[in-house]
Structure formats: structure tokens, C-alpha cells
Amino acid sequence: MTDSARPTRVRIAPSPTGDPHVGTAYIGLLNYIFARQRGGQFILRIEDTDRTRFVPTSEQMIFDSLRWLGLDWNEGPDVGGPYGPYRQSERTKIYREHVQMLLNNGTAYRCFCTPEELEAKRKAQMAAKVAPKYDRTCKYLPKETIEANIAAGKPFTIRMAVPEDGSTTFRDELRGEIVIDHNNVDDQVLLKSDGFPTYHLANVVDDHLMQITDVIRAEEWISSTPKHVLLYSSFGWERPKFWHMPLLRNIDKSKISKRKNPVSLIYYRESGFLPQAVINFLGLMGGGMPTLNPIEAANAGSTKEVDIFSVAQMVEKFEFQRISLGGPVFDLVKLKWLNGEYLRALPQEEFVAALKQTILSDSYIRVIAPLVQTRLETLGQWGDLTDFFFRDNVAPPAEVWVPKKRTPEETLAFAAEMLTSLEGTDWTTEAIDAALRALLTAKEWSVKEAFMLLRAILTGSAQSPPLLESLVVFGKARSIDRIRRFIDNQKKAAANTKK
RNA sequence: GGCGCCAUGGUGUAAUUGGUUAACACGUCGCCCUCUCAAGGCGAAGAGUACGGGUUCGAUCCCCGUUGGCGCUACCA
């Protein structure tokens with residue numbers, strides 16, 4: 001059972017629940033480097049077991065974004081491999097078979113409690129200031145009851161039977177031993193009533209079946225690692241090594257989120273960040289690259305070179321043991337500086353090519369053109385009508401964005417509502433229109449007021465091509481970011497004038 | 001609340017693993033260059049390493065406690 005003989009195999013397992021996330025890219029990069037350093041394999045697995053959050057277009061965006069960043073995988077849903085399928089929704093039979101093994105050896109049991117019952121119990125526990133935990137009602141159900149329930153067609157989940165005392169100890173390769181008392185481990189649902197597995201089951205089964213040697217994932221998983229360790233032993237399997245990486249943070253140190261940061265890889269690509277810069281920046285998060293010694297630094301010519309490196313250099317020099325465990329703030333300011341460095345270093349031909357691939361691409365211009373064709377008299381007016389599509393900063397004056405009968409405060413509050421609503425909207429004119437109208441009716445805003453506000457935020461002006469179409473063309477990721485930045489900027493400005 | 005993880009300038013990281021005036025990069029400010037703005041060059045301010053105790057001749061580094069931040073606490077991942 002020595003793992004030294006096993007060839008290194010690592011994986012990332014994103015969920016297709018929306019836009020591909022920078023956190024996925026971060027963990028992806030780390031896994032990629034880890035595999036390359038050891039001549040191992042890097043696997044992409046799609047964890048699409050939550051049908052309520054499933055977004056059909058998400059998977060392809062994940063593929064595209066990771067490829068854009070240059071993080072190629074050896075095995076995955078789209079490239080195949082010997083351990084497929086690599087999409088969990090296609091592996092439900094495997095999970096059911098495995099959960100049966102657990103049922104057979106008594107390390108799992110059926111639970112007939114309804115979501116409502118569970119919710120009520122949880123509330124009661126919270127009210128009593130007790131740690132919310134499943135009370136094991138169904139753990140010791142008599143055989144006859146279980147069979148009767150099944151015969152009656154009562155829906156059930158399957159839970160893991162966590163030992164009622166003792167503790168689980170595991171080793172985190174970066175932190176050392178971590179001990180968690182079983183009192184603090186819930187009887188986790190392994191198989192949902194819809195027949196799909198939860199993360200915990202699917203993850204362990206797949207990692208084992210796919211021969212994963214090292215689990216390199218975000219720190220948020222530490223607390224549930226005992227569940228996974230317990231599962232490995234319930235199955236009688238050797239467990240992988242666990243490496244928990246620090247969590248990327250917002251400026252306020254909270255876990256990075258779309259409310260406070262552009263978090264979509266689509267955003268970075270569409271806003272004209274270079275993949276090398278994004279990857280380089282991610283490589284800076286948490287350290288890991290050894291500092292140049294003074295001689296190397298002198299040879300490099302400039303000390304800032306220590307912050308600039310490629311994936312190849314990371315593969316060569318990155319040391320996982322050097323990673324610092326404090327969650328790094330994802331600082332857009334430094335990313336922009338880095339991106340500027342890469343842009344300036346580009347040969348002119350490549351710089352032009354980069355423009356033509358992104359912000360000046362044929363496909364982008366093609367979708368903008370119909371919006372302005374009827375509105376211009378000479379081609380020279382193109383820029384007048386479309387500038388906001390090509391700009392990063394638009395700053396509408398207050399007389400444009402504050403409706404006559406509203407105060408700046410209530411307008412900003414409405415903008416914030418709009419942001420929340422649009423975040424959860426499909427990016428089509430119909431869906432945006434519906435969302436907007438629902439909101440404005442609820443808040444008693446006129447169509448004119450609401451649309452003008454959004455127009456001002458998006459374009460910086462009171463005149464523009466059709467708003468909804470413009471939003472769609474500009475893209476969800478960038479539109480959302482523009483609204484968010486507008487609100488932030490106005491709040492800052494208001495705070496400053498008060499001082 | 002419970003459990004866990006973490007803690008070096010505003011931000012990201014260094015500090016030959018206990019011996020330095022605590023270093024580098026971003027950002028900020030100033031100067032130079034310059035038709036402007038960037039870029040580039042030069043320089044400055046900014047932490048005494050969260051706090052309090054130990055251990056030690058000596059702690060950023062080891063130990064304990066406190067505080068704070070973050071995460072988890074779902075039929076989400």
C-alpha cells in the first residue's frame with residue numbers, strides 16, 4: 001500500500017453552475033503544476049450532480065476558459081481517457097452500486113425524513129443553540145419499517161453512519177495533522193432522493209476509481225475532509241494525500257465573490273486580460289515561487305522581474321511547501337499592472353493580433369454593427385455611437401443617471417437591486433427585459449426611469465443604441481461588473497464629499 | 001453558537017528556518033524625462049512582524065493564551 005509507487009494523478013472538479021470561476025483557475029493551475037512537476041496526469045472532471053443549479057452552457061465555458069489559460073488536461077469529458085466517464089451525471093449507476101456496498105457493511109443507512117422535517121429540526125436546534133446536526137432518527141429503524149417504507153414508495157436519502165464517538169485524524173500536507181471529533185461530523189447525505197450523489201460520495205468514489213493520488217483543493221473543504229476519510233475506510237480504500245490551498249479573498253478578506261470582485265474568467269478574457277498575465281497573477285497568490293537570490297535578481301536587470309514568470313517557470317521552480325496559508329486578497333490593481341507589463345512586452349504585430357482577437361474582433365464588431373447601422377450618416381460616427389463597447393471606464397454625470405424625481409440615494413439603492421436581479425438572469429433581451437420590468441413594478445419605478453438609469457450606467461450617456469441589445473452584446477460578465485463598479489464608485493464619491 | 005484554519009506595511013510575498021537598520025513587487029507621494037498622458041529612471045513615506053505571556057544570551061521564526069479574520073456548520077459544491 002505504499003503510494004510512492006503510484007504515478008501522480010490529480011484533478012480539478014468544477015461544477016457547471018454558471019460562469020467559470022477564477023477560483024477554479026487558481027486550483028487548476030496548482031494541480032497542473034503539481035502534475036507537470038511529477039510527470040503525472042492532470043484530470044478534469046465535471047461535478048454536475050446538483051440538477052437545481054445546473055447551467056447547460058457552463059460546461060463548455062469551463063473548457064474554453066481553462067484552455068484559454070493554457071491549462072490542458074490529460075483526461076476529461078471532452079478528451080476521454082481510461083477512467084471515464086468524466087461527467088458525474090453519467091456515473092450515477094456507479095454511485096448507486098457503491099452506496100449499496102456501504103449499506104451492506106453498515107456504514108450507511110436510509111433516511112426517510114422529509115426536507116420539511118429536517119428543516120424544522122434544524123430550526124429547533126438553532127433556537128436551542130445546539131449545533132445543527134441530523135438527529136439519527138432513521139439510523140436505527142427496524143428492518144420491517146424500512147421495508148414497509150420502501151414498499152410504500154416513500155422517498156429516501158442515504159446517509160453515512162458516522163461513528164458516534166472517537167475522532168478522525170488526517171494529514172494536510174501543508175498544515176500537518178488535523179483532528180476532528182466525530183461529534184462535529186454530521187451523518188452526511190450521500191445519495192439524494194433524486195438518485196444523484198452528493199459531492200462527498202461522488203468525490204470519494206471518483207477519486208478512488210480514477211486513481212487520484214493527491215487531492216489539491218480549496219481550504220473550504222478542510223472541515224468535510226473527515227467525512228471523506230471515513231468514506232475511504234468504509235470502502236476499505238487507500239486514501240489520497242490532501243493539500244488544501246488558501247482561499248482567494250475580496251479586498252475585505254471575505255471569500256472571493258461576485259458581489260465584490262469580477263470572478264468570471266469570461267470577464268477577464270472579454271475585458272482584454274492576457275491569459276499569461278492572469279496565470280502569472282494567480283501564481284503569485286499564496287506564494288510558492290522561491291525568491292531570486294541577489295545574483296539572479298541582478299542578472300534579471302530589474303527587481304520587478306521576480307513577480308513575472310510563466311507557467312513553464314512555475315513548473316520548474318514552484319514549491320508547494322512554500323505556499324503561505326493566509327488567504328491572499330485578489331488585487332485587481334496588481335493584476336492590471338502585470339497585464340500592462342505583458343502588453344507592453346508584446347511585439348507590435350502580436351499586440352495588434354491581441355486586439356483583433358478580443359476587443360476588435362470581427363465577431364464583436366459584427367454584433368455591434370446592426371445596432372448602429374441605422375443611426376449613423378457617416379462611418380466616421382461609429383466611434384461616437386459605440387465608444388462604450390470599447391471602453392473600460394464610463395462615468396455618467398449625475399444629471400444623466402439620477403431621475404428628476406429621485407434622490408441619488410434611492411437611485412443607487414435601485415441600481416443595487418437591479419444588479420442583484422440581473423446577476424440571476426439569463427443574458428437574453430427577453431430575460432433581461434422581464435427581470436427589469438418585474439423589478440421596476442415591484443419598486444414602483446417607471447420604465448423610463450429604470451431604463452435610463454441602466455443606460456447611463458452602461459454607456460455613460462443618455463443616448464445610446466437599444467439598451468437590451470447593447471447589454472447582450474456587451475456580455476453579462478462585463479455588464480454586471482460595470483454596474484457593480486458604478487455603484488461602488490458612487491458610494492465612494494458620496495462618502496468623500498461628506499468628509 | 002459549535003468546530004476548524006489562519007495572522008509580516010494598504011495589497012501580494014521575502015527574511016540562509018532563532019542572530020539583518022525586517023527585504024522585494026504593486027499601490028501612494030515627490031523629482032527627472034517630456035507638447036500631454038502613459039511608460040521609463042531616481043527617490044520618499046509606510047510594518048517592528050495582531051496582542052499578552054513564556055522558552056532562550058537572543059525571537060518574525062518555537063510553545064501557551066487572548067483577540068481578530070476567514071471557512072464549514074444543506075437532499076450546494
Side-chain angles (χ1 to χ4, degrees), chain A residues 13-18 21 23-24 47-54 88 111 113-119 122 125-134 155-159 167 172 174-176 178-186 188-203 217-227 244 246-256 281-294 297 300 302-308 322-338 340-341 343-345:
Chain A
S15 291
T17 55
H21 199 276
T24 303
E47 307 221 332
D48 53 349
T49 57
D50 184 353
R51 70 195 192 303
T52 61
R53 294 204 302 153
F54 179 72
Q88 289 184 331
C111 172
C113 298
T114 64
E116 294 73 32
E117 286 167 352
L118 293 172
E119 185 55 36
R122 193 174 306 122
Q125 286 167 327
M126 303 266 268
K129 298 212 171 186
V130 189
K133 229 180 105 182
Y134 181 58
F156 61 85
T157 63
I158 294 175
R159 290 182 180 272
S167 61
D172 176 279
L174 259 23
R175 288 160 250 257
I178 295 175
V179 184
I180 294 181
D181 202 287
H182 288 158
N183 285 330
N184 300 310
V185 184
D186 203 1
Q188 181 67 48
V189 169
L190 297 176
L191 201 70
K192 308 178 216 175
S193 55
D194 65 0
F196 277 83
T198 58
Y199 171 88
H200 308 279
L201 205 227
N203 195 262
R217 68 198 345 174
E219 191 182 7
E220 56 188 330
W221 293 107
I222 290 179
S223 310
S224 39
T225 302
K227 291 171 186 171
H244 293 278
L247 232 31
L248 264 23
R249 309 292 178 91
N250 299 313
I251 335 81
D252 64 2
K253 300 273 187 182
S254 56
K255 172 175 152 181
I256 195 166
F281 180 65
L282 255 13
L284 247 20
M285 300 281 89
M289 282 297 268
T291 347
L292 297 179
N293 65 44
S302 162
T303 45
K304 76 186 176 191
E305 303 296 333
V306 300
D307 278 347
I308 300 181
R322 294 184 67 100
I323 289 177
S324 51
L325 269 11
V329 171
F330 189 92
D331 180 9
L332 233 26
V333 175
K334 185 145 184 176
L335 205 209
K336 278 190 186 162
W337 166 77
L338 245 187
E341 287 289 317
L343 243 20
R344 288 187 286 273

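Chain naming here is simple, since letters A, B, ... match the order of the sequence lines and numbering starts at 1 in each.
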Could you check how far NZ of A:Lys255 sits from C1' of B:U73, rounded to whole Å?
-> 13 Å
A:His200: what forms a ring pair (Phe, Tyr, Trp, His ring centres under 6.0 Å) with it, not counting sequence neighbours?
-> A:His228
With sugar-phosphate meaning primed atoms plus P, OP1 and OP2, does A:Ser254 contact a base, only sugar-phosphate, or nothing at under 4.0 Å between heavy atoms?
-> sugar-phosphate
Using atom C1' of each nucleotide, how far apart are B:G52 and B:A7 to the nearest Å?
-> 15 Å
Partner residues of A:Phe156 under the ring pair (Phe, Tyr, Trp, His ring centres under 6.0 Å) criterion, sequence neighbours left out = A:Phe112
Pull out every protein N or O sitting under 3.5 Å from an N or O of nucleotides 63-67 of chain B, one pair per line with the distance.
none

Tell me, which stems hold RNA chain B, with a stem being 3 or more Watson-Crick or G-U pairs in a row and both distances under 3.5 Å?
-> B:1-7 with B:67-73, B:10-13 with B:23-26, B:28-32 with B:40-44, B:50-54 with B:62-66
Should A:Arg175 be listed as having a side-chain N or O under 4.0 Å from OP1 or OP2 of B:C6?
-> no
May I ask you to say what A:Arg51 touches in the nucleic acid, namely base, sugar-phosphate or nothing, with a heavy-atom cut-off under 4.0 Å?
-> nothing
Would you please confirm or rule out a distance under 4.0 Å between OP1 or OP2 of B:C76 and any side-chain N or O of A:Thr198?
-> no
With A:Ser15 via side chain to side chain contact (heavy atoms under 4.5 Å, CB included) - residues at least two apart = A:Thr17, A:Glu47
Identify the pairs formed between an N or O of the protein and an N or O of nucleotides 7-12 of chain B at a distance under 3.5 Å, and give each distance.
residue: B:G12; atom: OP1; partner: A:Val329; partner atom: N; Å: 2.9
residue: B:G12; atom: O2'; partner: A:Leu284; partner atom: O; Å: 3.1

